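This report concerns only the one structure given below.
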Amino acid sequence: MSAGRESEGPGSVSWWGFSPARDLLSLGPVRYEGEANVLLIGSGDPRHILKTIAGLQDTQSLHVWVIETSMEVVARQLLLLYLALIPQESMGINEKTEVFLEVFGNSEIRSQTEETVRRAASQLSSSVTETLEAASHACLNTTLLKFKERDELATIFKLWIQPRPSSSSSEPPAPILMPKVWDYRVRQHLGTRYDSKKACFDWDLTMKLHQKGCGVINKQQYARWREQGLAFEMREGVYQIANPSLLSSRVFSRKGEKVAFRGYWGDIVSSPYLSFGIETDDKSLLKTQNGQHIKTAQDISIANVQGLFQCLSSRRGCPTTSQSDSEAPSTQIDQKSVTINDLMRLNGISVTFLPLDSLHKLPEKQKYSHYFNTIYASVSCAHQLGPMMRQIAAPDAVLVVELAKYILDLSKEQEGGFAKKVASIALEAGFEPWREGNSDDVHCVFTQQKK
């Protein structure tokens with residue numbers, strides 16, 4: 001067994017972000033009136049979308065444009081947004097929060113959650129394949145994706161609904177055993193340290209995450225996630241069905257040939273607690289007793305997601321013909337019969353997914369000329385930024401870049417080197433650090449240079 005590959009910690013696919021949710025329109029010197037256009041590059045999950053919606057005034061509207069790194073991530077983003085938009089009449093906020101976090105951060109899910117995922121995947125598959133011109137829902141707009149990307153999305157959703165037989169056999173493929181593929185990743189990362197993995201988990205938590213200000217991440221919960229991939233166990237239940245939204249294919253070279261292996265290729269070190277579980281405005285959730293946090297990152301994730309879902313409900317617009325009156329929640333919609341038309345319609349909110357390779361093509365299109373008020377790039381996509389940003393950034397645009405603070409396998413020198421590289425790329429693109437803002441070491445905020 002090798003000494004392990006530390007670079008494998010974050011994985012090759014970003015199922016969640018490496019930073020807490022941010023209201024992106026609150027960053028920078030200008031608070032936009034009217035409609036704001038926000039471009040997300042590789043954000044990995046909808047945390048910033050939900051948080052930014054929650055921060056909107058009644059008179060403001062928001063159009064989020066999303067570029068991701070793979071269609072598997074696009075499919076998962078659509079699923080999580082779909083779950084967030086299920087109306088209270090068919091799923092109460094508490095239950096919806098539990099299902100959302102379960103799908104968000106657990107390698108294995110309960111049977112009833114799998115049913116919800118299957119129904120959502122069926123609706124999303126139909127939406128992707130049948131709506132070619134106008135989106136069936138403003139927050140699930142895939143009409144600008146390429147035909148082959150939409151075909152790939154439909155294939156992914158169908159895989160979630162029912163595993164398909166392989167082309168060479170009439171027998172369906174054997175189901176992926178999540179404990180097996182998760183353990184493979186842990187072994188791959190730790191190498192010869194695998195036999196002392198519990199000590200490795202403890203070191204990463206106490207000497208890295210806790211030192212970086214994540215003291216609310218509980219030792220037992222973190223160790224369980226590192227070992228089994230279960231971040232959120234909110235009620236008594238059996239978590240034993242593979243979460244299909246966390247599975248993807250990765251191509252390896254084997255004896256000179258390219259071979260795709262389906263498995264879990266995401267983060268196994270930093271944790272899904274970062275997105276919703278390490279920051280809160282409710283300071284009572286951060287209280288300590290004898291130096292120990294009373295509440296955990298799971299508790300904070302639940303409280304934050306519940307709050308975000310309540311904000312979504314308050315933005316709810318007029319129902320479509322198939323919806324009951326939003327002012328009369330006593331009219332129940334059976335969970336099993338919810339369609340994409342029954343999802344909440346949010347006043348003034350749109351989310352559009354762009355093709356994977358579209359970032360460098362946006363400047364060629366007149367529509368996007370000086371268009372985006374805020375541009376966000378994840379730690380894994382910062383290298384894609386460049387001078388072309390000048391052409392797509394609106395006057396007074398803000399650039400927000402996720403830093404490498406929570407990529408635990410990096411040294412302090414590497415982390416600092418990344419921040420310098422980001423500053424250099426931003427400068428080349430015509431942006432300078434936002435001096436007035438309370439800059440943190442999680443995101444770098446830049447504003448356009450004054451001419």
Side-chain angles (χ1 to χ4, degrees), residues 3-11 14-21 44-45 47 101-102 104-108 178-179 182-234 239 246 264 266-280 285-305 379 402-415 418 440-442:
R5 282 179 272 179
E6 292 199 340
S7 62
E8 287 289 347
S14 299
W15 295 129
W16 43 75
F18 291 96
S19 59
D45 65 40
R47 69 195 187 284
L101 287 173
E102 195 177 326
F104 181 76
N106 283 7
S107 63
E108 293 185 294
M178 188 59 96
W182 186 274
D183 187 63
Y184 172 80
R185 288 277 286 112
V186 175
R187 286 177 181 273
Q188 183 189 38
H189 178 245
L190 294 179
T192 51
R193 298 179 296 153
Y194 180 83
D195 290 337
S196 55
K197 60 185 176 181
K198 283 187 167 53
C200 294
F201 301 162
D202 192 48
W203 175 269
D204 285 341
L205 180 65
T206 56
M207 301 308 293
K208 294 183 179 180
L209 283 169
H210 284 179
Q211 294 297 317
K212 291 172 183 284
C214 302
V216 291
I217 299 181
N218 174 273
K219 180 178 177 179
Q220 286 77 25
Q221 290 176 354
Y222 179 75
R224 182 191 61 209
W225 174 74
R226 284 291 299 264
E227 190 153 16
Q228 303 172 41
L230 296 179
F232 303 103
E233 287 189 83
M234 289 152 289
Y239 296 82
L246 289 178
Y264 178 81
D267 166 44
I268 53 163
V269 176
S270 298
S271 89
Y273 298 123
L274 297 176
S275 292
F276 301 106
I278 61 171
E279 292 183 351
T280 174
L285 294 173
L286 299 175
K287 284 183 179 174
T288 58
Q289 194 169 32
N290 300 324
Q292 298 292 314
H293 279 270
I294 299 169
K295 299 294 186 182
T296 67
Q298 173 173 298
D299 298 323
I300 292 173
S301 296
I302 292 169
N304 281 336
V305 172
V379 64
E402 181 180 58
L403 296 177
K405 177 177 180 177
Y406 295 118
I407 307 294
L408 301 191
D409 294 335
L410 297 185
S411 65
K412 272 201 176 310
E413 290 71 28
Q414 289 171 315
E415 194 185 315
F418 180 80
D440 58 29
D441 52 0
V442 181

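Sequential numbering from 1 along the given sequence is applied to the chain's residues. Since the structure is predicted, the reported quantities are computational estimates derived from the model, not experimental observations.
At least one donor-acceptor pair closer than 3.5 Å links the side chain of Ser107 to the backbone N or O of Gln228.
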Applying side-chain contact (heavy atoms from CB on, under 4.5 Å), run through Asp267 and Phe18 and close with a yes or a no. CA-CA 9 Å; Asp267 166 44; Phe18 291 96; 4.0 Å; yes
Does the pair Ser275 and Asn304 meet the rule for a side-chain contact (heavy atoms from CB on, under 4.5 Å), with working shown? CA-CA 10 Å; Ser275 292; Asn304 281 336; over 6 Å; no
What verdict does the side-chain contact (heavy atoms from CB on, under 4.5 Å) test give for Lys295 and Asn218, after you've listed the backbone C-alpha separation in whole Å, the side-chain angles of each residue and the deciding distance to 0.1 Å? CA-CA 8 Å; Lys295 299 294 186 182; Asn218 174 273; over 6 Å; no
Start with the C-alpha distance between Ile407 and Phe418, add both sets of side-chain angles, then the distance that settles side-chain contact (heavy atoms from CB on, under 4.5 Å), and finish with yes or no. CA-CA 11 Å; Ile407 307 294; Phe418 180 80; over 6 Å; no
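The side chain to side chain donor-acceptor pair (under 3.5 Å) check on Gln298 picks up nothing, with sequence neighbours excluded. Residues meeting the ring pair (Phe, Tyr, Trp, His ring centres under 6.0 Å) test with Trp225, sequence neighbours left out: Trp182. With sequence neighbours excluded, the residues that form a ring pair (Phe, Tyr, Trp, His ring centres under 6.0 Å) with Phe232 are Tyr273. Partners of Trp15 according to the side chain to side chain donor-acceptor pair (under 3.5 Å) rule, which considers only residues two or more places apart in sequence or in another chain, do not exist here. The side chain to side chain donor-acceptor pair (under 3.5 Å) check on Ser270 picks up nothing, with sequence neighbours excluded. Looking at residues two or more places apart in sequence or on another chain, you find a side chain to side chain donor-acceptor pair (under 3.5 Å) between Lys405 and Asp441. Taking Tyr406 as the reference, nothing meets the ring pair (Phe, Tyr, Trp, His ring centres under 6.0 Å) condition, with sequence neighbours excluded. Asp299 pairs by the salt bridge (charged side-chain N to carboxylate O under 4.0 Å, His left out) definition with nothing, not counting sequence neighbours. Checked against salt bridge (charged side-chain N to carboxylate O under 4.0 Å, His left out), Arg47 has the following partners two or more places apart in sequence or in another chain: Asp45, Glu402. By the salt bridge (charged side-chain N to carboxylate O under 4.0 Å, His left out) test, Lys197 is found to be paired with Glu227, residues two or more places apart in sequence or in another chain being considered. Annotation: side-chain contact (heavy atoms from CB on, under 4.5 Å) contacts of Leu286 (sequence neighbours excluded): Val216, Thr280, Lys283, Ile300.
The structure places CZ of Arg185 at 10.5 Å from CG of Leu190, a figure rounded to the nearest 0.5 Å. Considering SG of Cys214 and CG of Leu205, their distance stands at 9.0 Å, rounded to 0.5 Å. Here CG of Leu209 is found 13.0 Å from CH2 of Trp203. Values are rounded to the nearest 0.5 Å. Here OG of Ser271 is found 8.5 Å from CG of Leu408. Values are rounded to the nearest 0.5 Å.
Of all heavy-atom pairs between Ser301 and Gly277, the closest is OG-CA, 3.2 Å. Shortest non-hydrogen contact noted between Leu285 and Ala303 is CD1-CB, 3.7 Å. Nearest heavy-atom pair across Arg193 and Cys200 is CB-SG, 3.7 Å. Shortest non-hydrogen contact noted between Pro10 and Asp409 is CD-OD2, 3.8 Å. Residue Leu246 comes nearest to Tyr264 through the heavy atom pair O-CD1, 3.3 Å, listed as atom of the first residue, atom of the second, then distance. Ile217 and His210 get closest at one heavy-atom pair: O-NE2, 2.9 Å.
Counting only heavy atoms from C-beta outward, the side chains of Ser19 and Val379 never approach each other to under 4.5 Å. Between Arg226 and His189, the closest side-chain pair of non-hydrogen atoms falls below 4.5 Å. Contact annotation: the side chain of Thr206 never approaches that of Tyr222 to less than 4.5 Å [non-hydrogen atoms, C-beta and beyond].
Judged as a salt bridge (charged side-chain N to carboxylate O under 4.0 Å, His left out), the pairs with a partner in residues 213-224 (not counting sequence neighbours) are, in order, Asp202-Lys219, Arg224-Glu233.
Within 6.0 Å of CD in Gln289 there are 12 or fewer heavy atoms belonging to other residues, nucleotides or ligands.
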